[in-house]
Amino acid sequence: SGIDIHDKDTIPFGNDPVPVSICSNDCPPGTLRRFLEMRACWDCIKCDAYTYSTINNSHACTSCGKGHRTINANTGCEKIPPTLLEFSHPAAVILIIISIIGMTLTVITFVVFIRFRDTPLVKASSRELCLVLLIGIFIGFISIFFSIGEPSSPICLMQLMTGVFFGTLTIVPIFLKTFRVYILFFQSVKSAGQAPRYLQPMWQGMVCMVLMLFQMIILLFVIIWHPLNMKEEYPNHETVLMVCAGETPRDTVLALAVPVGYIGFFSILSLGLSYKVRKLPSNFHEAKYICFAQTIAMIVIIAFGSSYFVTAGIWQKFLIAIAAQIIALAFLILIFYKKVEIVLFYPERNKIVFERDTMRKIEMSREEKRKSFLTSQHCHMCNQPLQPKTGAQAGLMSAANLLGESEANEHSDECDLTVKMEHGKSEREQCGLPTSTSEFSCTMTEQ
């Protein structure tokens with residue numbers, strides 16, 4: 001009847017295991033079977049990284065797909081948790097602290113400008129544009145909270161909106177403030193005529209609204225036709241990033257490039273204008289501070305923008321957020337610190353004065369100021385024109401004329417001008433001026 005080779009009594013093997021009559025063992029899950037040249041035998045090969053198998057003697061391993069990794073000895077897959085900038089992360093804590101400090105300072109500045117809105121310094125600073133600028137700075141500090149945590153489609157929309165509002169509500173008022181100073185000074189060199197109507201507060205506000213409306217139309221176009229939604233990106237097998245992107249790379253570029261390009265255009269214009277008027281005397285120094293703030297913003301954008309493309313993960317979000325914080329702080333401190341300091345701690349400097357030689361203070365009405373020495377360019381006593389020696393002096397005096405005319409139209413402008421003019425001794429005596437070179441300093445603003 002034959003011999004049973006598994007019968008230990010027939011063929012004793014002692015303590016050795018009974019031989020199995022097969023060429024190779026079964027390949028367990030997590031491996032694949034690869035036949036040898038004899039075709040009757042095979043080797044069991046472990047599945048590659050990020051591939052798995054769930055059956056014995058599998059002929060191939062299945063890929064886990066993007067955003068997944070293998071578990072249990074390549075027998076299954078699990079989703080890789082996304083890399084997020086959590087609120088507990090040290091980088092996020094730094095951003096939150098800076099943002100809270102910035103928002104607090106912005107609110108204090110806003111309250112000061114509202115509380116002292118009728119004082120000469122606040123009026124002369126284009127208070128309406130300053131309030132819009134402060135709102136934009138506040139939005140810049142808030143925007144970092146939409147960069148922390150897990151994003152979603154609504155969060156992506158808020159990221160885009162806060163970023164665009166921050167850029168528009170800061171750059172447009174800064175551009176208009178710088179443009180006004182530029183026109184008042186440089187146009188006055190050529191003409192001592194009436195100040196342009198578009199420099200009046202009402203027209204300045206209307207122009208600001210129109211420029212912001214254009215940006216809102218662009219933003220609406222982006223939201224409707226090229227919306228940004230939450231998507232996963234996989235820079236490598238071990239990393240999953242949650243990003244806001246369009247359906248295609250082209251949609252993403254359009255959604256960001258168009259509104260950012262609009263902001264960049266006015267940034268370059270305001271930087272150029274503020275650079276041209278940076279050396280104006282005395283209280284025209286706001287242009288100098290604006291130029292400094294704009295320069296800082298450009299340096300930050302270039303430095304952090306170049307670093308953005310060589311970093312990955314949460315550090316890209318951190319770079320964008322910290323850049324926005326630095327720019328907002330630069331605008332807040334450089335443009336508003338000096339004004340708030342004078343309003344709160346030096347109220348004696350926040351009033352209308354007319355000073356000559358001994359800095360004697362004389363209260364003047366609007367009508368009297370328009371007919372005063374600087375605005376009329378005549379000597380009070382002899383009514384003779386005083387001719388400036390240089391073109392720069394002529395520009396300063398003509399700028400004073402325009403500012404005085406603007407004031408007649410209830411436009412608030414500040415001109416702390418120091419004009420030096422030399423005349424013959426007899427002319428000075430006739431006009432009641434000291435025999436030495438005279439300095440006249442006036443601050444003209446709406447009462």
Side-chain angles (χ1 to χ4, degrees), residues 84-117 121-122 125-127 129-151 155 158-174 177 263 267 270 285-286 288-305 307-308 311 314-346:
L84 299 173
L85 183 60
E86 300 286 355
F87 283 90
S88 58
H89 194 281
V93 173
I94 293 174
L95 291 175
I96 293 173
I97 292 174
I98 295 175
S99 178
I100 292 175
I101 294 173
M103 286 190 293
T104 303
L105 294 176
T106 305
V107 171
I108 292 174
T109 306
F110 192 90
V111 171
V112 168
F113 265 65
I114 293 295
R115 171 65 179 81
F116 298 93
R117 61 187 179 276
L121 179 60
V122 175
S125 301
S126 297
R127 58 188 173 188
L129 295 180
C130 285
L131 294 178
V132 174
L133 177 56
L134 286 171
I135 293 173
I137 292 173
F138 188 82
I139 293 175
F141 288 120
I142 287 180
S143 64
I144 67 107
F145 291 98
F146 299 106
S147 300
I148 303 174
E150 184 174 353
I155 293 295
M158 292 304 300
Q159 283 185 13
L160 178 63
M161 292 179 63
T162 53
V164 171
F165 286 153
F166 168 53
T168 306
L169 295 179
T170 53
I171 293 302
V172 169
I174 286 176
K177 286 165 70 70
I263 296 171
S267 298
S270 59
H285 282 176
E286 185 181 41
K288 181 173 66 176
Y289 295 136
I290 290 176
C291 181
F292 191 23
Q294 286 283 77
T295 303
I296 291 176
M298 291 294 180
I299 293 174
V300 169
I301 292 173
I302 293 173
F304 285 84
S307 301
Y308 176 85
T311 57
I314 62 174
W315 298 110
Q316 286 185 328
K317 286 188 174 182
F318 176 77
L319 287 175
I320 295 176
I322 195 66
Q325 304 293 286
I326 293 174
I327 293 172
L329 281 174
F331 287 154
L332 179 63
I333 294 174
L334 292 175
I335 297 177
F336 292 100
Y337 167 74
K338 195 68 176 177
K339 294 180 176 62
V340 174
E341 182 187 28
I342 291 175
V343 169
L344 295 181
F345 303 109
Y346 302 100

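What you see is a predicted model; the values in this text were computed from it and never measured.
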Any pair counted as side-chain hydrogen bond (donor to acceptor under 3.5 Å, both in side chains), so long as it reaches residues 89-114, sequence neighbours left out: none
Test item: Arg127 side-chain N/O and Arg117 main-chain N/O as donor-acceptor pair under 3.5 Å: yes
Tyr289 side, atom OH; Ile174 side, atom CD1 - distance, nearest 0.5 Å: 15.0 Å
Phe304 side chain near Ile320 side chain, heavy-atom distance below 4.5 Å: no
Partners passing ring-ring contact (aromatic ring centres under 6.0 Å, His included) against Phe318 (at least two apart in sequence or in another chain): Trp315
Pair listing, salt bridge (Lys or Arg N to Asp or Glu O under 4.0 Å) test, anchored in residues 321-340, at least two apart: Glu286-Lys339, Lys338-Glu341
For Arg115, side chain to side chain contact (heavy atoms under 4.5 Å, CB included) partners two or more places apart: none
Nearest-0.5 Å distance that lies between atom CD1 in Ile301 and atom OG in Ser267: 6.5 Å
Check: Ser270 main-chain N/O paired with Gln294 side-chain donor or acceptor under 3.5 Å: no
Inter- and intrachain pairs under side-chain hydrogen bond (donor to acceptor under 3.5 Å, both in side chains), touching residues 164-174, at least two apart: Thr168-Gln215
Partner residues of Ile101 under the side chain to side chain contact (heavy atoms under 4.5 Å, CB included) criterion, sequence neighbours left out: Ile97, Leu105
Nearest heavy-atom neighbours spanning Leu95 and Ala321: CD1-CB, 3.6 Å
Counterpart residues, side chain to side chain contact (heavy atoms under 4.5 Å, CB included), relative to Ala293 (two or more places apart): Phe331, Leu334
Hey, can you pull the donor-acceptor pairs under 3.5 Å for the side chains in residues 130-151, sequence neighbours left out?
| residue | atom | partner | partner atom | Å |
| --- | --- | --- | --- | --- |
| Ser143 | OG | Gly140 | O | 2.7 |

Nearest-0.5 Å distance, CZ of residue Phe166 to CD1 of residue Ile263: 9.0 Å
Qualifying residues under side chain to side chain contact (heavy atoms under 4.5 Å, CB included), relative to Thr295, sequence neighbours excluded: Leu271, Cys291, Ile299
Working for side-chain contact (heavy atoms from CB on, under 4.5 Å), residues Ile98 and Ile326: CA-CA 9 Å; Ile98 295 175; Ile326 293 174; over 6 Å; no
Atom of Ile296, atom of Ala330 and distance for their closest heavy-atom approach: CG2-CB, 4.0 Å
Over 12 foreign heavy atoms within 6.0 Å of CZ, Phe87: yes
Pairs touching residues 98-117 that satisfy ring-ring contact (aromatic ring centres under 6.0 Å, His included), sequence neighbours left out: Phe113-Phe336
Side-chain heavy-atom pair Leu344, Val112 within 4.5 angstrom cut-off: yes
